[in-house]
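Heads up, the thing below is written out as structure tokens.
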Amino acid sequence: MKKNSIKILTLGFASSLLIGLVACKSDREEVDSGGSLPGKTLDDQYSVSRYRVLDIDSKLGLDSKLTWSISAKKIVDNKEVVYDSIIAKDVPKLEFISRYAKNYALTLTAETNGVSKKYTSQIIVNKEVKAYSKYIADVFDYRPAVGQFINEIPEYATGDTQDKMIKKAKESLVGGNSTMVTLGGFGGYVVFGFDHTIPNYDGRDFKILGNAFWGNEAIEERAGSCEPGIIMVAYDRNKNGKPDEDEWYEIAGSEYFKDTTIRNYEITYFKPDENKEPVPGAEFWQTDTQYIKWQDNQGVSGFKTRNTFHAQSYYPLWFSEMSYSLKGTRLKDNFYDQSGTGTYWVGKSYAYGYADNAPNNDDASNIDISWAIDKYGNYVKLPGIDFVKVYTGINQEAGWLGEVSTEVAGAYNLHFK
Ligand SMILES: [Ca+2]
Ligand SMILES: [Ca+2]
Ligand SMILES: [Ca+2]
């Protein structure tokens, strides 16, 4: 500590002639080694584009009680009143984000050993140079499980590689006229991102579109074609536009803490011999009840059935491996045979926090970034998110309807102005 302080003092002294020119570095003076608060610790001003996170380091330790606030206006008795609105407490580094291009007066109040000090600065939020889109801007990965729509949505053509299929998923999902990709059964996933950071404001922050609908004849409320997908989010902390070293957090939906939920579930799918002798079932639609072998890490295995409605391969044809594994959080099966005779199956919608789990106009398709949890199951405080991963959270076949498979049909920032 001491060594550093001396160094900073020297630097401050040597550059004193330049202080007028580099005003924003003037805070390097006056750090004393006694542990009391410096005279200045913030730059005079900071600038950032809207929908981007600005990191401001107070350079003060956790032994100081810190309160960050911005000046805000409200109307009281028909008069405009300016007040300090607290935006963060007891964090040495502020992660600031705004959807508005405007200036903010920033105040940091620090309290150490009963001494309190106020530091002020200004944050200039600029409009972006190239206009943002509120919708998905890029698709980084697409790795579906097996399923009856695989090789069709998006369509596989002979010779297509993994990269080509990701590109096709991207063509389906980017922008406001997005169509759809299927993720197949449990674990199949897609990873996409936005061209800006979706801020974590109060309430729900983004919507994931799917093809869920309420069943016309479903007796139970909020049931029909609901195929819940687990959502994971990441904030582009290293700000390079890619989901690389950034940590992923699971959105803890309504089922997360229930003991019917299996964490670290893993399933392996085995490539079928498309020319093998099929083993038809008792039902007319069961073309081959031993079509694709699967095995999980809970000691269970079985076959995925080929039905009469889909004749193409259910195994991703661009995968050269003879088997592949997918893992994640598995939710309790949500489909049941309402008819009792196998003719009418319904899938119950879970309360919140999943993709393709409720119609697109329903609030349950909106997600709050504050539901994000780390790998230890603790809630995390994210300033916003740039990337989303969705994977099918159910391992179930619903009779003639086939496997429960999450579909993703787009996504957007609910706060976008
Ligand atoms: Ca939120
Ligand atoms: Ca990154
Ligand atoms: Ca669906």
Side-chain angles (χ1 to χ4, degrees), residues 52-53 95 97 99 138 140-141 144-145 147-150 152-153 179-186 188 190-215 223-231 233-249 251-252 334-335 345-350 352-360 362-373 379-394 396 398 401-410 413-416:
R52 294 271 179 229
V53 174
E95 292 174 320
I97 183 166
R99 66 176 145 172
D138 207 350
F140 299 97
D141 205 355
Q148 60 189 335
F149 292 102
I150 298 303
E152 286 187 342
I153 314 172
T179 55
M180 190 162 77
V181 300
T182 188
L183 303 181
F186 178 84
V190 64
V191 179
F192 55 84
F194 299 87
D195 61 10
H196 62 282
T197 303
I198 299 177
N200 182 16
Y201 287 146
D202 283 347
R204 303 189 186 199
D205 308 291
F206 66 97
K207 181 189 281 290
I208 297 183
L209 302 167
N211 66 348
F213 56 88
W214 302 136
S225 181
C226 304
E227 304 182 292
I230 306 288
I231 300 163
V233 293
Y235 160 51
D236 188 17
R237 202 171 284 283
N238 63 5
K239 298 186 170 70
N240 67 352
K242 293 184 197 105
D244 47 5
E245 289 155 22
D246 319 305
E247 195 170 342
W248 285 98
Y249 304 96
I251 292 291
N334 71 321
F335 271 74
W345 286 77
V346 290
K348 188 177 167 43
S349 174
Y350 286 126
Y352 64 88
Y354 302 100
D356 199 23
N357 166 61
N360 293 334
D362 192 276
D363 204 36
S365 62
N366 297 339
I367 307 302
D368 190 339
I369 295 167
S370 294
W371 295 336
I373 45 138
Y379 283 100
V380 288
K381 219 176 163 140
L382 296 173
I385 56 117
D386 299 83
F387 311 115
V388 178
K389 175 180 178 176
V390 178
Y391 64 88
T392 300
I394 304 276
Q396 184 186 11
L401 290 181
E403 84 288 334
V404 178
S405 68
T406 303
E407 274 77 35
V408 174
N413 176 353
L414 288 168
H415 304 302
F416 200 82

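In each ligand, atom 1 is the first atom listed, and ligand 1 is the first ligand listed. Only heavy atoms go into these numbers, but all of them, side chains included; no hydrogens, no water, no symmetry mates.
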side-chain contact (heavy atoms from CB on, under 4.5 Å) evaluation trace for Asn357 with Ser349
CA-CA 5 Å; Asn357 166 61; Ser349 174; 3.4 Å; yes
Start with the C-alpha gap between His196 and Arg99, add the side-chain angles, then the distance that decides, and say whether side-chain contact (heavy atoms from CB on, under 4.5 Å) holds.
CA-CA 10 Å; His196 62 282; Arg99 66 176 145 172; over 6 Å; no
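The Ca ion (ligand 1) is the vertex of the angle joining OD1 of Asn200 and O of Tyr201, which measures 90° to the nearest 10°. The O atom of Gly203 and the OD2 atom of Asp205 meet at the Ca ion (ligand 1) at an angle of about 90°, given to 10°.
The Ca ion (ligand 1) lies closest to atom OD1 when only the N/O/S atoms of Asp368 are considered. Looking only at its N/O/S atoms, Glu227 has OE1 as the one nearest to the Ca ion (ligand 3). Distances from the Ca ion (ligand 2) to each N, O or S atom of Asp236 single out OD1 as the nearest. Glu407 contributes OE1 as its N, O or S atom closest to the Ca ion (ligand 3). The Ca ion (ligand 2) sits nearest to atom OD1 when only the N, O or S atoms of Asp244 are considered. In terms of distance to the Ca ion (ligand 3), the nearest N, O or S atom of Asp356 is named OD2.
At least one N/O/S atom of Asp246, whether from backbone or side chain, sits less than 3.0 Å from the Ca ion (ligand 2). Under 3.0 Å from the Ca ion (ligand 3) lies an N/O/S atom of Asn211, whether from backbone or side chain. The Ca ion (ligand 1) has no N, O or S atom of Ser370 closer than 3.0 Å. Metal site remark for the Ca ion (ligand 2): Lys242 contributes an N, O or S atom at a distance under 3.0 Å.
Of all heavy-atom pairs between Ile97 and Val53, the closest is CD1-CG2, 4.0 Å. The nearest pair of heavy atoms linking Cys226 to Ala212 is CA-CB, 4.4 Å.
Other residues, nucleotides and ligands contribute only 12 or fewer heavy atoms inside 6.0 Å of the NZ atom of Lys381. Taking a 6.0 Å sphere around CG of Asn238, one finds it holds more than 12 heavy atoms contributed by other residues, nucleotides or ligands.
Using modelled atom types and a 3.5 Å distance limit, the side chains of Lys207 and Asn366 yield a donor-acceptor pair. In this structure, a donor-acceptor pair under 3.5 Å is absent between the side chains of Glu227 and Thr406.
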